[in-house]
Enquirer: 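Quick one: the structure is below, questions incoming.
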Amino acid sequence: MRRIGLVSTIAVFLLSTGLCWSWGPESHELITSKAISILPKELKTFYELNSRYIVPMSNLPDDWRETYKAQVGPEHYIDLDLLDAPPFKKLVTDRASAEKRFGRQKLLEAGMLPWTIAERYEKLVRAMRKTDTVEIVVQSAILAHYVGDAHVPFHNTKYYDGKTPKQKGIHFRWEENLASLALRRLDVRPVKPQQIRNVLKSAFGWCISSYKLVDAILAADDEARSIDPNHGFKYYQSLQRKTGSILAGRLKSASEALGGLYVAAWKEAGKPNLPAKHAPLFWGH
Ligand SMILES: [Zn+2]
């Protein structure tokens with residue numbers, strides 16, 4: 001019974017999501033709500049009161065991507081291995097220098113994720129400086145999305161959908177299907193916000209940590225496929241057994257990174273008093 005239930009869950013899920021590459025909505029929402037749960041009290045009241053907006057709106061950038069793929073697609077990933085070789089000691093992290101070295105077109109091909117995080121962070125700092133609560137809510141949500149993406153291994157490599165023809169589809173199977181199926185059973189317990197001194201450096205660091213996990217997931221995919229070549233119940237059971245802890249670890253790190261960015265933005269803005277009320281997200285209609 002349970003087995004039939006799970007298989008049909010997979011089928012319904014596949015039909016309902018279509019092919020869109022990113023953490024599923026549940027994972028982005030989990031990262032965002034866990035980040036809020038570990039904030040210090042000066043931020044927590046405001047963020048908790050507005051989590052009803054911030055948490056679901058963390059999926060907004062994926063909606064934009066559906067409509068404006070050419071313009072905003074590269075914001076969601078960075079293929080580090082197009083810009084340097086592991087262990088990425090020679091990565092050019094300054095955007096202007098990177099553009100000069102690789103050219104704008106190649107950079108767009110490789111992706112813009114860490115720079116997008118840094119830009120969104122600056123927007124959050126500006127919103128905090130003005131204590132513009134609507135803008136704080138919006139920018140916090142958007143920032144959450146990209147920090148989440150940086151923690152998906154397959155958003156950081158040119159092998160974003162496997163290295164061999166048989167691995168094709170692993171991107172979607174791991175970040176959407178496995179995450180969605182495993183989420184309720186995963187123990188994701190962030191401890192405290194990360195200390196962030198340099199946002200861009202941290203963002204590249206998150207991407208590199210994600211990259212390092214790609215081979216382990218691909219090996220787990222090969223093993224799971226040898227048990228169940230049709231990607232059914234036994235495939236996902238095996239994939240979860242082998243990579244469930246990677247998944248939980250990525251979600252935990254993403255929450256701690258995001259919490260760290262909220263705290264860093266608040267400090268950089270001069271520790272404004274965030275009001276203990278809902279942001280007026282009401283446009284009069
Ligand atoms: Zn995304």
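Indexing begins at 1, ligand by ligand and atom by atom, following the structure's order. Count residues from 1 along the sequence. Worth knowing before you read on, the calculation uses all heavy atoms, side chains too, and leaves out hydrogens, waters and symmetry mates.
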Enquirer: Could you list all the ring-ring contact (aromatic ring centres under 6.0 Å, His included) pairs where at least one residue sits in residues 189-225, not counting sequence neighbours?
Expert: Phe88-Tyr211, Trp115-Phe204, His151-Trp206

Enquirer: Sequence neighbours left out, what pairs pass side-chain hydrogen bond (donor to acceptor under 3.5 Å, both in side chains) with at least one residue falling in residues 123-138?
Expert: Glu135-Gln139

Enquirer: For Gln195, does the CD atom sit with more than 12 other heavy atoms under 6.0 Å from it, leaving out its own atoms?
Expert: no

Enquirer: Have a look at Asp62 and say which of its N, O or S atoms is nearest the Zn ion (ligand 1).
Expert: OD1

Enquirer: Which N, O or S atom name in Asp149 marks its closest approach to the Zn ion (ligand 1)?
Expert: OD2

Enquirer: Can you tell me the angle formed at the Zn ion (ligand 1) by ND1 of His76 and NE2 of His145, to 10°?
Expert: 90°

Enquirer: In this structure, is the centre-to-centre distance between the rings of Tyr77 and Tyr160 below 6.0 Å?
Expert: no

